[in-house]
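Shown next, in structure tokens, is the structure this report addresses.
Order of the sequence lines fixes the chain letters, A, B, ..., with proteins taken first and strands second; residue numbering starts at 1 for each chain.
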Protein chains: 2
Amino acid sequence: MDQLRETLKVHQLRTTTCREDVLSTFINKKNALSHGDLEGALGENYDRVTIYRTLKTFLEKGIIHKVLDDEGLRYALCSHSCSEEKHQHDHIHFKCNICGKTNCLENQLIPEIALPQGYKPENFNLLIQGTCPSCNN
Amino acid sequence: MDQLRETLKVHQLRTTTCREDVLSTFINKKNALSHGDLEGALGENYDRVTIYRTLKTFLEKGIIHKVLDDEGLRYALCSHSCSEEKHQHDHIHFKCNICGKTNCLENQLIPEIALPQGYKPENFNLLIQGTCPSCNN
DNA sequence: ATACTAAATACAATGATGTTGCAAAAATAA
DNA sequence: TTATTTTTGCAACATCATTGTATTTAGTAT
């Protein structure tokens, strides 16, 4: 896929098979992935450490962002153009308690929230847990 | 403190010095604590494993709840009476990027949020990162 | 108070997770 | 193609978390 190489190039990263595979895994799976998920998917082909470093690089370059859920840390693609300088994420994350998948709801923005005097908010991270449409039958 | 024994009793837990110490640490420190924090505070007196199991028990009994931030998992006291059957937390968590402390803003409730068709929300977890009043000068 | 029973703890062992340094390999530039 | 820089794999290490079991302790009955 030229799409992958293009994305890497935009973020000034050399194209390597590991980076292409990690990126395409994110694109295909759609939901948020932990290091362990990626190791499960690609561990035969790449060293654990390389996957860690790939995630770290993607994070710094603004290709992926952190997603927190009660099980720990996961990562998901940044849909809007994030860069090394600025990550901007005001969308909601939803974790399904049935299938266990965590997704970005790109169109659901976190509403304005009034904080007590003295608090200066900079980043927002909202996780909603419940049942997703696929499991809600 | 009789207060501690009382809390443990309400949740049908035997009073042990470890549980009393963990509980009083939560009460004194006020902010959310990780296992590592507790190990730092009480590690001389109790085995790491015991602290893990104490946290797990408190979590199950509804004495503490999980607090997520970008560094990982922490725990904070449940202010309103949670129980083994039901945890209910609709308040905001605030992490200060300067002092690194994470706190519950018990009075700041998470506003109603409209989700797309099919999503059935059950739990909300909102973390706001920024600067807290103590560090905001 | 003492003995009994169930629960909690300490310790050891193991597994999972994440990091660092360095030599070998691969990707870009010349 | 060769030179230069980046990336990868490997080994070692450090941290974090879990499990099993024998011992100890808390609560209860005697």
Report the distance from atom [atom1] of [X] to atom [atom2] of [N], rounded to the nearest whole Å.
| X | N | atom1 | atom2 | result |
| --- | --- | --- | --- | --- |
| B/Leu55 | C/dA8 | CG | C1' | 15 Å |
| A/Tyr52 | C/dA16 | OH | P | 12 Å |
| B/Leu8 | C/dA7 | CG | P | 16 Å |
| A/Glu71 | C/dT17 | CD | C1' | 15 Å |
| A/Arg5 | C/dA26 | CZ | C1' | 13 Å |
| B/Glu60 | C/dA7 | CD | P | 14 Å |
| B/Ile51 | C/dA8 | CD1 | P | 16 Å |

Legend entry - Residue mapping more 5' on DNA chain C - nearest nucleotide basis, A/His35 or A/Arg53: A/His35

Inset, instruction - Mind checking B/Arg19 for me? I need base, sugar-phosphate or nothing, with any heavy atom below 4.0 Å counting as a touch. - result: sugar-phosphate

Inset, instruction - Just call it for B/Thr57: base, sugar-phosphate, or nothing, with non-hydrogen atoms closer than 4.0 Å on any strand. - result: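 Touches nothing.
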
Inset, instruction - Taking only Lys NZ, Arg NE, NH1 and NH2, and the carboxylate oxygens of Asp or Glu, determine whether B/Lys29 and B/Asp37 approach each other closer than 4.0 Å. - result: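 A salt bridge is absent here (no side-chain N lies under 4.0 Å from a carboxylate O).
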
Legend entry - Rounded to 10 degrees, the angle between the two terminal axes of the helix from C/dA1-D/dT30 to C/dA30-D/dT1, each from five pairs: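 For the helix from C/dA1-D/dT30 to C/dA30-D/dT1, the axes at opposite ends meet at about 30°.
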
Inset, instruction - Compare side-chain N and O positions of A/Thr15 against OP1 and OP2 of C/dA27 and report whether any pair is under 4.0 Å apart. - result: no

Legend entry - Same cluster (ILVMFWY, side-chain, under 4.5 Å), A/Ile128 and B/Leu105: yes

Inset, instruction - Answer with yes or no whether the hydrophobic clustering places A/Val67 together with B/Phe124; edges join I, L, V, M, F, W, Y residues whose side-chain heavy atoms lie under 4.5 Å apart. - result: no

Inset, instruction - Walking along DNA chain D from 5' to 3', note the first and the last nucleotide with an atom under 4.0 Å from a heavy atom of chain A, and give both. - result: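 Range of nucleotides within reach of chain A: D/dT5 to D/dA11.
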
Legend entry - Passing candidate, ring-ring contact (aromatic ring centres under 6.0 Å, His included) with B/His35, options B/Tyr52, B/Phe58, B/Tyr75: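 Result: among B/Tyr52, B/Phe58, B/Tyr75, B/Tyr52 is the only option passing the ring-ring contact (aromatic ring centres under 6.0 Å, His included) with B/His35.
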
Inset, instruction - Kindly say whether the aromatic ring centers of A/Phe94 and B/Tyr119 come within a distance under 6.0 Å. - result: yes

Legend entry - Any donor-acceptor N/O pair, A/Arg74 side chain to A/Asp69 backbone, under 3.5 Å: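 Looks like no, no N/O pair under 3.5 Å.
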
Inset, instruction - Carefully, step by step, assess A/Lys95 and A/Asp70 under the rule salt bridge (charged side-chain N to carboxylate O under 4.0 Å, His left out). - result: CA-CA 9 Å; A/Lys95 179 184 174 186; A/Asp70 59 342; 2.8 Å; yes

Inset, instruction - Kindly indicate whether the side chain of A/Asn31, heavy atoms from C-beta on, has any atom under 4.5 Å from the side chain of A/Thr102. - result: no

Inset, instruction - Kindly assign one of parallel, tilted or perpendicular to the pair A/His65 and A/His91, based on the angle between their ring planes and the thresholds 30° and 60°. - result: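 Ring orientation of A/His65 relative to A/His91: perpendicular.
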
Inset, instruction - Counting heavy atoms from C-beta on, name the nucleotide in C/dA27, C/dT17, C/dC11 closest to the side chain of A/Arg14. - result: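 Looking only at heavy atoms from C-beta outward on A/Arg14, the closest nucleotide is C/dA27.
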
